[in-house]
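Just so we're clear, the structure is a prediction, and the values are computed from it rather than from any experiment.
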Protein chains: 2
Amino acid sequence: MGHMTTEPKSPTARAVPAGPSLPLTERQAARRRRILQATAELASRGGFDAVQMREVAEAAGVALGTLYRYFPSKVHLLVATMQDQLQRLHGTLRKRPPTDTDPAARVAQTLMRAFRAMQREPHLADAMVRALTFADRSVSAEVDTVSRLTTAIILDAMGPAGPPTPEQLSAIRVIEHTWHSALITWLSGRASIAQVRIDIETVCRLIRLTTPQQA
Amino acid sequence: MGHMTTEPKSPTARAVPAGPSLPLTERQAARRRRILQATAELASRGGFDAVQMREVAEAAGVALGTLYRYFPSKVHLLVATMQDQLQRLHGTLRKRPPTDTDPAARVAQTLMRAFRAMQREPHLADAMVRALTFADRSVSAEVDTVSRLTTAIILDAMGPAGPPTPEQLSAIRVIEHTWHSALITWLSGRASIAQVRIDIETVCRLIRLTTPQQA
DNA sequence: CGCTAATCTAGAACAAGTTTCAGACTGGGT
DNA sequence: ACCCAGTCTGAAACTTGTTCTAGATTAGCG
């Protein structure tokens, strides 16, 4: 599996960062898109194991070395894919926000919607979630981005509140923990869909604890 | 990384199961012990990546093939190590149960004690927890054992209650989710020790919700 | 003791992630 | 049009998990 000892790249080594901060050539942006699409397709077919770097490279019409220049490891690649999918989901959710009046219920509703999306592509979900929890320090930044995206989605679901209190942020972190871990147990066949729903609903009660003020 | 397509072993292939159900020779039990110890030592030194199957085999004085007969994959090996360590921890905790009167606080206290144990061996914790969350269906049974052990520890901490209600079991599942996921974020450097404590304390409030009867 | 099946060992072989390298290609600046 | 630095390609090499094989060893049994 090669090493991966988070050492800073030597001064001459370059990388192709992800953010729109760096000016990518049109061809480069296209390459990146093709890579992510190939990854999602392979993942949808067979999950984590089916995403093989050589196959991704070939499917994207790119040399193996190039793939590694864009994404320094398989885990980076899959976490980037998750960013991509999450962004898409966020957009979808914005269009049809949850209907319930209770913030806790809205969050649960939103997460269940996301969960249903994953049920439609369980292999893809497997690849992304496994990568996410397997990621080591060298992927911190990228995983953090995913976490921030998830937080944003939950905050959106909670409704048009002002700045969240520290207590609410704790609750949200715990909800995210539960979300990821419940997904894992579902993906590895140790929990049913119903059980995941119960866990999500259970943890969402924490939100109620932090917003005791009633309408 | 080879395949791992959970196929039933051919009728002639044997495996050396773990449970005390199977009568292991003394030599075999010793081999198994040596393997687990070598694993823990290597893991303590350098975490998941430092546990290399060839090295484990050599350190345990066993052939590579034998190692694979006892533990069919690296993940199996590390999950078994976690079972081992958890059992040890459970014993230790039984001796000095938490002191607080509030069940929720007792659970939090217990988990923080476990967390402190992990802080003493962060690399070992890394190896075990990463294996646990990376495990796929072929390791379900073993991971489930770990989960049951964890549940037992939490139930112990909650105190001498009768059979837990379904609601309490949900809360416990959510606590376990949070526990695993919070560990992951700590191990990958995305959360501080303080933050893990807050998350644990936050999620433990769920217990209070399920035991409203006061003393 | 001597037999047989199961187990263990040493080592080669294979698979997939990762690294490396020499040469072709591209984009911008002159 | 020409040149340079940076990029991309194709292919080989290396690492580590996993599998396979042929031959020793061991455990139990008559």
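Counting non-hydrogen atoms under 4.0 angstrom, A:Val75 reaches nothing in the nucleic acid. Using a 4.0 Å heavy-atom cutoff across all strands shown, B:Val56 reaches no nucleic acid atom at all.
The base of D:dT9 is not paired with the side chain of A:Arg69 by any donor and acceptor separated by under 3.5 Å. Not a single donor-acceptor contact under 3.5 angstrom links the side-chain atoms of A:Arg31 to the base of D:dT7.
When the C1' atom of D:dA11 is taken as reference, atom CG of A:Leu67 falls 16 Å away, rounded to whole Å. Put simply, OH on B:Tyr68 is 17 Å from P on C:dC14, counting in whole angstrom units. Rounded to whole Å, the distance from CD on B:Glu58 to C1' on D:dT16 is 15 Å. Regarding B:Leu78, its CG atom lies at a distance of 12 Å from the C1' atom of D:dG17, rounded to whole Å. The interatomic distance linking B:Leu64 (CG) with C:dA13 (C1') rounds to 12 Å, in whole Å. If you measure from atom CZ of B:Arg27 to atom P of D:dG28, you get 11 Å, rounded to the nearest angstrom. A straight line from CG of B:Asp49 to P of C:dT18 spans 11 Å, rounded to a whole angstrom. The distance between atom CD of A:Glu26 and atom C1' of D:dT7, rounded to the nearest whole Å, is 16 Å.
Comparing A:Arg54 and B:Gln52, the nucleotide of DNA chain D nearest to each residue sits closer to the 5' end for A:Arg54. Taking the nucleotide of DNA chain D with the nearest heavy atom to each of A:Val62 and B:Lys74, the more 5' of the two is matched to A:Val62.
Applying the salt bridge (charged side-chain N to carboxylate O under 4.0 Å, His left out) test to B:Arg31 and every residue at least two apart in sequence or in another chain returns nothing. With sequence neighbours left out, A:Arg113 forms a salt bridge (charged side-chain N to carboxylate O under 4.0 Å, His left out) with no residue at all. Under the side chain to side chain donor-acceptor pair (under 3.5 Å) criterion, A:Ser170 pairs with no residue at all, not counting sequence neighbours. Partners of A:Arg190 by side chain to side chain donor-acceptor pair (under 3.5 Å), not counting sequence neighbours, listed by chain and number: A:Ser188.
Side-chain atoms of B:Thr25 never come within 3.5 Å of backbone atoms of B:Arg27 as a donor-acceptor pair (strictly under, hydrogens ignored).
Using a 4.0 Å cut-off on heavy atoms, none of the residues of residues 38-47 of chain A approach DNA chain D.
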Return a table of donor-acceptor pairs under 3.5 angstrom between the side chains of residues 114-127 of chain B and protein atoms on other chains or two or more places apart.
from: B:Asp126; atom 1: OD1; to: B:Arg130; atom 2: NH1; distance (Å): 2.9
from: B:Asp126; atom 1: OD2; to: B:Phe48; atom 2: N; distance (Å): 3.2
from: B:Asp126; atom 1: OD2; to: B:Arg130; atom 2: NH1; distance (Å): 3.3

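Side chain to side chain, B:Thr151 and B:Glu176 meet the donor-acceptor criterion of an N or O pair below 3.5 Å.
Note on B:Tyr70: every side-chain N or O is 4.0 Å or more away from OP1 and OP2 of C:dT7. Taking only side-chain nitrogens and oxygens, A:Thr66 comes nearer than 4.0 Å to OP1 or OP2 of D:dT9. At the phosphate of D:dC8, OP1 or OP2 sits under 4.0 Å from a side-chain N or O atom of A:Gln28.
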